[in-house]
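Excluded from the calculations below are hydrogen atoms, water molecules and symmetry mates; all remaining heavy atoms, backbone and side chain alike, are included.
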Amino acid sequence: MPSQESRPTIRIPGTTSHTIAPRAGSVGREGTLRYLKAGTGAPLVLLHTVRTQAEHFRHLIPLIADRYTVYALDLPGMGYSEIVPGASYDEPAMRAGVERLLTELDLHDVTLVGESMGAVLALTTAADLPERVRRVVADNTYDFRDGIARSSLLARVVVSGVLAPGVGPVIAGVEPKPALRTILQGGLGDKSALREDYIDELLQVGSRPGYPTVARAVYQALPSLIAARSRYPEVKAPVHLVYGEKDWSRPSDREANRKLLPAAEFTQVPKAGHFIALERPDVLADLLNAVA
């Protein structure tokens, strides 16, 4: 569990916090994972975006907990999951964390719901574990060139600095609140959906020892997320692709994924951006509750 000094500042009604220990023989290679649990019903796993955590779904969880047992995971090294020095944060390593949740808790008939990076991981996890996955909802897949750098000029400058050799680790450790606010607002159609207490929570997590290294590694992992698109045709479960009208992806990016997943349902959310779970959780809840 997180230390007393680093407990989350946001409380989601009806949720409890849990951890999954590293598997036997894996100490030093994988860390403890933290997840939130709520509700009753068939299992539903929520996978968050780049630079966020389980609390990203604070508004969605209460809307679906009457129909599902919800598990919101902090991906490896992110949120309050353990930071392991030298760990990888490319797509296969992050997917391994998701698969640990499903296998260690022995979840079956799972609905996987991911946003951004989490959407890619939902699809590749479904490809790996078809016997456990019932359905995938992939919201604004983060699998295109430039990624968050498309958010704004500031995002391009910051991400380029974080990725730069030499100075990159230093820049990754400097995260002024106004800059983080501006970059995240670039992923929203409705800027007011980004609340100050959520920014403060993200900054608290960002101050954890070792987190700047994780953040830099996650930005560096974008090529592996793009490469993971090759796994999409392997998914056997029904898929619903959801995109915000103002998402960072271009129409050509969305159409390319529709061709890889020709049987997938498709929804475009008017006026919404990249972080649909923040600004339009009702859309995701309606979609999920209709098929519970």
Side-chain angles (χ1 to χ4, degrees), residues 10 12-16 18 35-49 52-75 98-99 101-102 105 107-127 129-142 187-190 193 198 232 235-245 247 249 254 257-258 261 263-292:
I10 291 174
I12 304 173
T15 62
T16 53
H18 306 266
Y35 66 94
L36 301 177
K37 183 179 179 182
T40 58
L44 182 148
V45 173
L46 296 172
L47 304 173
H48 62 78
T49 74
T52 67
Q53 59 196 72
E55 282 77 12
H56 186 74
F57 299 105
R58 63 189 297 193
H59 304 304
L60 176 60
I61 292 172
L63 300 179
I64 59 176
D66 286 344
R67 304 287 185 92
Y68 296 93
T69 301
V70 181
Y71 302 84
L73 177 66
D74 278 345
L75 291 168
V98 179
E99 294 178 3
L101 178 76
L102 270 61
L105 300 183
L107 301 181
H108 293 269
D109 199 31
V110 177
T111 297
L112 287 176
V113 182
E115 184 158 279
S116 183
M117 174 176 66
V120 177
L121 299 175
L123 289 164
T124 56
T125 298
L129 301 176
E131 71 284 0
R132 292 182 181 270
V133 178
R134 170 190 179 191
R135 178 179 291 107
V136 178
V137 175
D139 168 12
N140 288 330
T141 56
Y142 189 76
L188 294 167
D190 175 8
Y198 185 50
Y232 294 177
V235 179
K236 294 180 171 57
V239 174
H240 198 136
L241 295 172
V242 180
Y243 284 98
E245 180 185 14
D247 180 46
S249 61
R254 304 173 200 188
N257 282 346
R258 292 184 74 174
L261 294 159
E265 296 182 77
F266 183 90
T267 295
Q268 181 162 284
V269 184
K271 300 181 181 179
H274 191 68
F275 302 121
I276 292 177
L278 291 183
E279 60 179 327
R280 292 302 308 274
D282 59 307
V283 171
L284 295 177
D286 289 347
L287 185 158
L288 292 166
N289 288 334
V291 295

Can any side-chain N or O of [X] pair as donor or acceptor with the backbone N or O of [Y] at less than 3.5 Å?
X      : Y      : answer
Thr69  : Gly41  : yes
Glu279 : Gly273 : yes
His48  : Leu75  : yes
Arg132 : Leu107 : yes
Asp66  : Asn289 : no
Tyr68  : Leu288 : yes
Asn140 : Ile276 : no

Say you draw a straight line from [atom1] of [X] to [atom2] of [Y]; how long is it, rounded to the nearest 0.5 Å?
X      : Y      : atom1 : atom2 : result
Leu121 : Leu47  : CG    : CG    : 6.5 Å
Leu188 : His274 : CG    : NE2   : 10.0 Å
Gln53  : Ile10  : CD    : CD1   : 7.0 Å
Arg280 : Asp286 : CZ    : CG    : 8.5 Å
Thr111 : Arg67  : OG1   : CZ    : 12.5 Å
Leu112 : Arg135 : CG    : CZ    : 11.0 Å

With side chains defined as the heavy atoms from C-beta onward, is the minimum distance between [X] and [Y] less than 4.5 Å?
X      : Y      : result
His108 : Val110 : no
Ile64  : Val113 : no
Leu284 : Phe57  : no
Asp190 : Lys271 : no
Val291 : His240 : no
Leu102 : Val133 : yes
Glu55  : Leu36  : yes
Tyr142 : Thr49  : no

Ignoring hydrogens, what is the shortest heavy-atom contact between [X] and [Y]? Give both atom names and the distance.
X      : Y      : result
Arg134 : Pro238 : O-CD, 3.2 Å
Ala285 : Leu63  : CB-CB, 3.6 Å
Ala72  : Ala54  : O-CB, 3.5 Å
Leu73  : Val98  : CD2-CA, 4.0 Å
Ala122 : Val136 : CB-CG1, 3.9 Å
Ala277 : Pro281 : O-CB, 3.6 Å

Legend entry - Intermediate values then yes/no, side-chain contact (heavy atoms from CB on, under 4.5 Å), Leu129 and Glu131: CA-CA 5 Å; Leu129 301 176; Glu131 71 284 0; 3.8 Å; yes
Legend entry - Residue of the set Asp139, Leu46, Thr141 for which side-chain contact (heavy atoms from CB on, under 4.5 Å) holds with Glu115: Asp139
Inset, instruction - Measure up the His56 and Phe275 rings against each other and bin them: parallel (under 30°), tilted (30 to 60°), perpendicular (over 60°). - result: perpendicular
Inset, instruction - Could you check Val45 against Thr125 for side-chain contact (heavy atoms from CB on, under 4.5 Å), going step by step and ending with a plain yes or no? - result: CA-CA 11 Å; Val45 173; Thr125 298; over 6 Å; no
